[in-house]
**Q** 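I'd like to ask you about the structure that follows.
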Amino acid sequence: MQLIIFGPPGVGKGTQAKILSDKFNIPHISTGDILRDAVERKTELGLKAKAVMESGGLVPSDIMSGIMNNVLHSERCSNGFILDGYPRTVNQAKTLSGMLNTLPNNAVKVISLTADDSIIVHRLSNRRLCTNCNHIISLTSIVNENECPDCGSLGTMTKRKDDEPEVIRQRLDVYKEKTFPVLDYYSKKTNIISIDATRNIDEVTESIMDKLK
Ligand code: AMP
């Protein structure tokens with residue numbers, strides 16, 4: 001199965017992608033996670049991406065297509081994948097179509113998660129990320145904000161630098177201007193599965209599973 005999980009920052013793409021990855025036994029490919037890991041390890045890619053990411057902008061598409069080309073042609077994606085955070089522009093979507101055409105079974109499905117800006121801003125402001133296992137949680141759903149409820153690490157829950165209020169606003173602007181038009185690109189190629197992501201995590205998953213049948 002080849003899935004693209006699409007939607008504004010903070011709508012729950014990463015959370016749902018991880019759940020679907022376990023259910024279908026296909027890898028969750030998050031370009032944000034790949035970039036954050038590179039920044040953390042101070043690789044050449046990380047050094048190029050750091051400032052752009054912290055300001056809420058987009059990493060140049062030629063860098064992104066290099067990453068995606070390697071990932072999609074790797075062994076772990078041979079039975080499919082879930083893309084989270086890519087494509088983020090119409091140009092990236094066109095590049096991706098070209099890459100998918102070179103794979104044996106090209107039948108990508110697009111899931112679009114939707115929520116109003118007010119919900120997005122609230123979720124992003126309350127979001128914490130475990131630097132050990134990449135687990136994402138909302139402060140509203142945990143008892144001890146110093147302990148990762150997934151891997152149990154202590155002191156690893158951090159706020160992403162791009163989850164600060166002024167960067168959130170910038171990311172939403174970038175989403176509306178550059179990423180939202182990607183939906184229009186796919187609506188001409190396939191039936192987009194649109195999901196109301198304002199409900200709780202299990203309900204959203206159930207709704208996705210139902211529509212994927
Ligand atoms: P995310 O975790 O998906 O919210 O991504 C975090 C940041 O990584 C974004 O705000 C961008 O700066 C960068 N990024 C992730 N995916 C892409 C992409 N496909 N194209 C350009 N920049 C990206």
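Just so you know, ligand 1 is whichever comes first in the structure, and atom 1 is the first atom listed for that ligand.
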**Q** Which atoms of ligand 1 have any heavy atom of Gly57 under 4.0 Å away?
**A** 10 (O), 11 (C), 12 (O)
**Q** Would you mind listing which atoms of ligand 1 come within a distance below 4.0 Å of any non-hydrogen atom of Leu35?
**A** 8 (O), 13 (C), 14 (N), 15 (C), 23 (C)
**Q** Considering non-hydrogen atoms of the protein only, which is the closest contact for atom 7 (C) of ligand 1, and what is the distance?
**A** Met53 CE, 3.8 Å
**Q** Between Arg88, Gln170, Lys13, flag the one that comes closest to atom 3 (O) of ligand 1 by a heavy atom.
**A** Arg88
**Q** Under 4.0 Å from a heavy atom of Arg36: give me the atoms of ligand 1 that qualify, with their elements.
**A** 2 (O), 6 (C)
**Q** Salt bridge or not between Asp117 and Lys176? Use side-chain N to carboxylate O under 4.0 Å.
**A** yes
**Q** Any salt bridge linking Arg36 with Asp33? Criterion: basic side-chain nitrogen under 4.0 Å from a carboxylate oxygen.
**A** yes
**Q** Flag the pair Leu129 / His135 as yes when at least one side-chain heavy-atom distance between them is below 4.5 Å, and no otherwise.
**A** no
**Q** Suppose I only count heavy atoms of Gln92 and a 4.0 Å limit; which atoms of ligand 1 are within that range?
**A** 18 (C), 19 (N), 20 (N), 21 (C)
**Q** Quick check: Gly85 and ligand 1, any N/O pair under 3.5 Å apart?
**A** yes
**Q** If you measure every N or O of Arg160 against every N or O of ligand 1, does any of those distances drop under 3.5 Å?
**A** yes
**Q** Minimum heavy-atom separation for Leu96 to Pro87, with atom names?
**A** CD2-CD, 3.8 Å
**Q** Under 3.5 Å, is there a donor-acceptor pair between the His73 and Thr102 side chains?
**A** yes
**Q** Which of the atoms in ligand 1, numbered in the order shown and given with their element, are less than 4.0 Å from a heavy-atom of Arg171?
**A** 4 (O)
**Q** Which residue and atom name correspond to the protein heavy atom nearest atom 22 (N) of ligand 1, and how close is it?
**A** Val59 N, 3.0 Å
**Q** Do NZ/NE/NH1/NH2 and the carboxylate oxygens of Asp37 and Arg41 come within less than 4.0 Å?
**A** yes
**Q** Looking at Lys188 and Asp184, is any side-chain nitrogen of the basic one under 4.0 Å from a carboxylate oxygen of the acidic one?
**A** yes
**Q** At less than 4.0 angstrom from any non-hydrogen atom of Thr31, what atoms of ligand 1 do you find?
**A** 15 (C), 16 (N), 17 (C), 19 (N)
**Q** Where do Val71 and Ile29 come nearest, in terms of heavy atoms and distance?
**A** CG1-CD1, 3.6 Å
